[in-house]
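For this chain, numbers begin at 1 and follow the sequence in order.
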Amino acid sequence: MNQFNFHQKIDRENTASVKWDMTKAVFGTTDVLPMWVADMDFQPPEEVKKALEERMDHGIFGYTYAPDSTAEAIVQWLNNRHSWKVDKVSILYSTGVVPSIATAIQAFTEKDDKVMLQSPVYTPFFEMIKKNGRTVVNSQLKLENSRYQIDFEDFESKLKEGVKLFLLCNPHNPGGRMWTEEELRKIGELCVKYDCTILSDEIHSDLIFKGNKHISIASLDQRFADITITCIAPTKTWNLAGIQASAAVISNDQLRKAFQEEQGKQGFFTLSAFGILGMEAAYRHGEKWLDGLMAYLEENKKTAAQFIKKELSGINMIEPDGTYLLWLDCRRLEMNDDELRKQLLEKGKLALEPGPKYGPGGEGFVRMNIACPHEVLVDGLERLKRAFG
């Protein structure tokens, strides 16, 4: 029996929740079950709540800095959980992975430079490249037997065109794919060969299902580490997105100084008091809670897979290696994306992320967040059936 109460339904409405309170703004209606934004409907570990409560009770919230103990907690976590040894001096902080992506683009590229990604992929990858006046280069992933693969011939040909920065999503969002050591080594060798810096978004790296292992590309070879900015955060793992805290691991002194210099230009100094405390408490005390979470998510994933296979012949669930996101292939329904959205909202009363948000290759797909109580998941699946069954 799971010792953590993930079954508990907690009312999140009227808490300025993007997921629950912005359905009208995003979907045009409030009469839907939101299973779109990638945060969880679970409270974080008690140790994290306690640390924040104690700080609140102290009552003074003056200027704060991240002490060595915060970096040491991250170092210990990466070593114990992922067998990756990093030096605490390599750790910088940011309010989030997306701001870190923007900072890396600004620090390591110039206007109109080429920045590569692999669609379908997390929407801000596209946005940060475009909003910073850089050129998007897409080496689109191939879906083969319901599993995404890298087209390495295309990948290398794009690098040859003078790509300065490559945005790697590992684990992959929205597909949930974990890249293997062999694949990561190929990526690393090619980026070294063509002098291309790597930003590896590993925000979902702790959310791994049984039988899979997360590997950070920077952990495989010092040459790869020397060209890589690895972005991690406690926010996905322990449902702390609202505290705005993340870290970037940058072992190369020159890259780290350039990243810091760009942060200085933006006026960034440090995290909030609650961001620092929440981050450290989660990395120090959150392992048992995370193990319980993954067991719970495993059951949710099985429930969804069985339901979709039995009740929704027109939908194929891409089996995720990690994350709490389901990438649903609806192309057999022979509907365009507007029709999919209309059916979901009007018949199913269900709010999911539309596939085209993730770029080329996302057409005909939707993304579903299963990090919710089992009862809510079953409700969502029944709504999916009403929309398309």
Considering non-hydrogen atoms only, spot the tightest contact between [X] and [Y] and give its length.
X: Leu350; Y: Leu33; result: CD1-O, 3.5 Å
X: Asn173; Y: Tyr358; result: OD1-CE2, 4.4 Å
X: Leu293; Y: Thr237; result: CD2-O, 3.8 Å
X: Pro373; Y: Phe42; result: N-CE2, 3.6 Å
X: Leu199; Y: Ser100; result: CD1-O, 3.9 Å
X: Tyr93; Y: Ala66; result: CE1-CB, 3.6 Å

Residue pair [X] / [Y], side-chain heavy-atom distance below 4.5 Å:
X: Val136; Y: Phe126; value: yes
X: Asp321; Y: Phe209; value: no
X: Gln244; Y: Pro99; value: no
X: Lys349; Y: Thr29; value: no

Examine the side chains of [X] and [Y] and answer whether a donor and an acceptor come within less than 3.5 Å of each other.
X: His374; Y: Glu299; value: no
X: Ser119; Y: Asn138; value: yes
X: Tyr296; Y: His7; value: yes
X: Gln8; Y: Gln43; value: no
X: His82; Y: Asp206; value: yes
X: Thr180; Y: Glu182; value: no
X: Thr70; Y: Glu280; value: yes

Taking [X] for its side chain and [Y] for its backbone only, find out whether a donor-acceptor pair lies under 3.5 Å.
X: Asn252; Y: Ile227; value: no
X: Ser313; Y: Glu311; value: no
X: Ser246; Y: Ser94; value: yes
X: Ser157; Y: Asp154; value: yes
X: Thr228; Y: Thr230; value: no
X: Arg177; Y: Pro171; value: no
X: Asn79; Y: Val75; value: no
X: Asp201; Y: Leu168; value: no
X: Glu363; Y: Gly361; value: yes
X: Asp21; Y: Thr15; value: yes

Lys/Arg N to Asp/Glu carboxylate O, [X] vs [Y], below 4.0 Å:
X: Lys19; Y: Asp39; value: yes
X: Arg256; Y: Asp253; value: yes
X: Arg81; Y: Asp291; value: yes
X: Glu298; Y: Lys210; value: no
X: Lys158; Y: Asp151; value: no
X: Glu319; Y: Arg147; value: no
X: Arg383; Y: Asp379; value: yes
X: Glu47; Y: Arg284; value: no

Step-by-step side-chain contact (heavy atoms from CB on, under 4.5 Å) determination, Ile129 to Leu167: CA-CA 10 Å; Ile129 297 170; Leu167 306 183; 3.9 Å; yes
Just wondering, more than 12 heavy atoms not from [X] lying within 6.0 Å of its [atom1]?
X: Lys213; atom1: NZ; result: yes
X: Gln149; atom1: CD; result: yes
X: Lys342; atom1: NZ; result: no
X: Lys164; atom1: NZ; result: no
X: Tyr65; atom1: OH; result: no
X: Asp195; atom1: CG; result: no
X: Glu153; atom1: CD; result: no
X: Glu334; atom1: CD; result: no

Steps toward side-chain contact (heavy atoms from CB on, under 4.5 Å) verdict (Asp41, Ile10): CA-CA 7 Å; Asp41 292 328; Ile10 299 171; over 6 Å; no
ring-ring contact (aromatic ring centres under 6.0 Å, His included) between Trp179 and Tyr148, intermediate numbers included: CA-CA 10 Å; Trp179 304 114; Tyr148 281 109; 8.0 Å; no
Spatial distance of atom [atom1] ([X]) from atom [atom2] ([Y]) [nearest 0.5 Å]:
X: Leu78; Y: Ser90; atom1: CG; atom2: OG; value: 8.5 Å
X: Ile203; Y: Asn170; atom1: CD1; atom2: CG; value: 13.0 Å
X: Arg331; Y: Leu333; atom1: CZ; atom2: CG; value: 11.5 Å
X: Arg185; Y: Ile215; atom1: CZ; atom2: CD1; value: 8.5 Å
X: Ile308; Y: Thr303; atom1: CD1; atom2: OG1; value: 10.5 Å
X: Met178; Y: Ser205; atom1: CE; atom2: OG; value: 8.0 Å

Hey, any chance [X] and [Y] share a hydrophobic cluster, counting ILVMFWY side chains that come within less than 4.5 Å of each other, even indirectly?
X: Leu325; Y: Leu240; value: yes
X: Leu184; Y: Leu141; value: yes
X: Val37; Y: Ile243; value: no
X: Ile229; Y: Val98; value: yes
X: Met116; Y: Phe125; value: no

Trace of the side-chain contact (heavy atoms from CB on, under 4.5 Å) decision for Met35 with Leu377: CA-CA 9 Å; Met35 301 182 77; Leu377 172 65; 4.2 Å; yes
Evaluation steps, side-chain contact (heavy atoms from CB on, under 4.5 Å), between Tyr122 and His172: CA-CA 8 Å; Tyr122 184 46; His172 179 251; over 6 Å; no
